[in-house]
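To start, the structure under review is shown below, and the notes come after it.
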Amino acid sequence: VGNAEQRFKEDALRMLRAVRFKAQLGFTIEDKTAQAIKKCAVLIKKVSRERILDELNKILLFVIAIAIHNLPEGIAAGVGFGSDNSAEALLIAGGIALQNIPEGMVIIGPMLAAGINKKRTFLYAAMTGVVEVIGTLIGYLVIVLAFSMLTKNQPYTLFFCMAAIL
C-alpha cells in the first residue's frame, strides 16, 4: 500500500507480518517490498518485545496446528501396520511421508524468516514429526488390542457389545 519503505518506517512489525503472510497464505512479496524489508530490517529493534512475541506466537500456533494435524495421519499409518497387510501399510506411510515434505517447508519458512535460529526451527519441525510417530504407535496398539479382544475373547466381547446396546 503506497511506499513500502515508508510503511515499514511507520510500523516495523509490518515486515514480520509480510513474511508471515507470505509463508502461511502463499502471498508473494514484490521486489520493491522485499528490498524495503532488507533496507529497513534494523528498525525491528524499535518494536516492543511484546508485539514481536505476539507475531511469533501466531507463527508457532501454525506449527502447533500442523502437529495436531499429524496425529491422525500417524494413527492411519498405525492402523495400516496393525492390519497385517504390509504392502498397504507401507503405501499409506509412504503417501503420508511424501506429503509431509511440503508441510515441513511450510513450518520452517516462517520460523526462519521470523529470526528463529536454525537449531530451534529444526527442533520444532522434528517435534511435529514425533507426534506422527506417537500416532502410529497408538493406531497400531488399538488395532492389535481390538483384534485380540475380538478373536480370543469373543463371548466376552459380544457380551459387552450387547450391554452397550441396552
Side-chain angles (χ1 to χ4, degrees), residues 8 11-31 33-35 37-38 40-45 47-152 157:
F8 295 145
D11 184 5
L13 191 68
R14 290 177 177 159
M15 294 182 286
L16 194 54
R17 283 192 188 125
V19 172
R20 180 171 59 89
F21 290 156
K22 177 188 183 302
Q24 289 181 340
L25 304 174
F27 292 172
T28 56
I29 297 178
E30 294 180 352
D31 289 336
T33 305
Q35 291 170 1
I37 289 173
K38 289 177 186 174
C40 298
V42 295
L43 297 176
I44 201 75
K45 293 178 182 178
V47 177
S48 71
R49 187 176 208 92
E50 292 80 18
R51 291 184 69 212
I52 292 173
L53 286 175
D54 185 50
E55 200 64 30
L56 290 176
N57 283 337
K58 291 175 184 174
I59 292 170
L60 293 178
L61 180 64
F62 184 65
V63 173
I64 292 168
I66 292 290
I68 291 169
H69 159 84
N70 283 347
L71 184 64
E73 289 180 352
I75 291 172
V79 167
F81 284 108
S83 69
D84 288 335
N85 188 337
S86 297
E88 284 184 10
L90 290 172
L91 188 63
I92 292 168
I96 290 171
L98 185 63
Q99 66 90 34
N100 280 346
I101 295 169
E103 282 181 3
M105 299 308 273
V106 166
I107 291 172
I108 291 170
M111 288 192 294
L112 289 175
I116 298 173
N117 69 42
K118 291 179 182 180
K119 287 181 183 179
R120 184 168 283 176
T121 298
F122 176 78
L123 178 67
Y124 290 153
M127 287 189 318
T128 65
V130 168
V131 170
E132 201 161 310
V133 172
I134 292 168
T136 302
L137 294 173
I138 291 169
Y140 178 79
L141 290 174
V142 166
I143 290 299
V144 168
L145 289 173
F147 185 74
S148 69
M149 283 175 52
L150 289 172
T151 57
K152 294 178 183 174
T157 305

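Annotation: side-chain hydrogen bond (donor to acceptor under 3.5 Å, both in side chains) contacts involving residues 119-139, sequence neighbours excluded, comprise N100-E132. Sorted by first and then second residue, the side-chain hydrogen bond (donor to acceptor under 3.5 Å, both in side chains) pairs involving residues 103-117 (not counting sequence neighbours) are H69-E103.
Closest approach of M15 to I44, counting heavy atoms only: CE-N, 4.1 Å. Of all the heavy atoms in F8 and L43, the pair that sits closest is O-CD1, 4.1 Å. Heavy-atom minimum distance, I92 versus G80: CD1-CA, 4.3 Å. Shortest non-hydrogen contact noted between I29 and A34 is CG2-N, 3.6 Å.
In this view, N85 and S83, A87, E88 satisfy the side chain to side chain contact (heavy atoms under 4.5 Å, CB included) rule, not counting sequence neighbours. By the side-chain hydrogen bond (donor to acceptor under 3.5 Å, both in side chains) test, Q99 is found to be paired with E73, residues two or more places apart in sequence or in another chain being considered. Looking at residues two or more places apart in sequence or on another chain, you find a side chain to side chain contact (heavy atoms under 4.5 Å, CB included) between Y140 and F81, V144. Judged as a side chain to side chain contact (heavy atoms under 4.5 Å, CB included), and not counting sequence neighbours, S86 has no contacts. Residues satisfying the side-chain hydrogen bond (donor to acceptor under 3.5 Å, both in side chains) criterion with D11, sequence neighbours excluded, are R51. Under the salt bridge (charged side-chain N to carboxylate O under 4.0 Å, His left out) criterion, D54 pairs with K58, not counting sequence neighbours. Every residue meeting the side chain to side chain contact (heavy atoms under 4.5 Å, CB included) condition with V130, not counting sequence neighbours, appears here in chain and number order: I134.
Rounding to the nearest 0.5 Å gives a distance of 8.5 Å between CE of M127 and CD1 of I64. To the nearest 0.5 Å, the span separating CG on L56 from CZ on R49 amounts to 10.0 Å. Between the CG atom of L112 and the CZ atom of F122 there is a distance of 12.5 Å, given to the nearest 0.5 Å.
Within the 4.5 Å cutoff, side-chain heavy atoms of L13 are placed close to those of I52.
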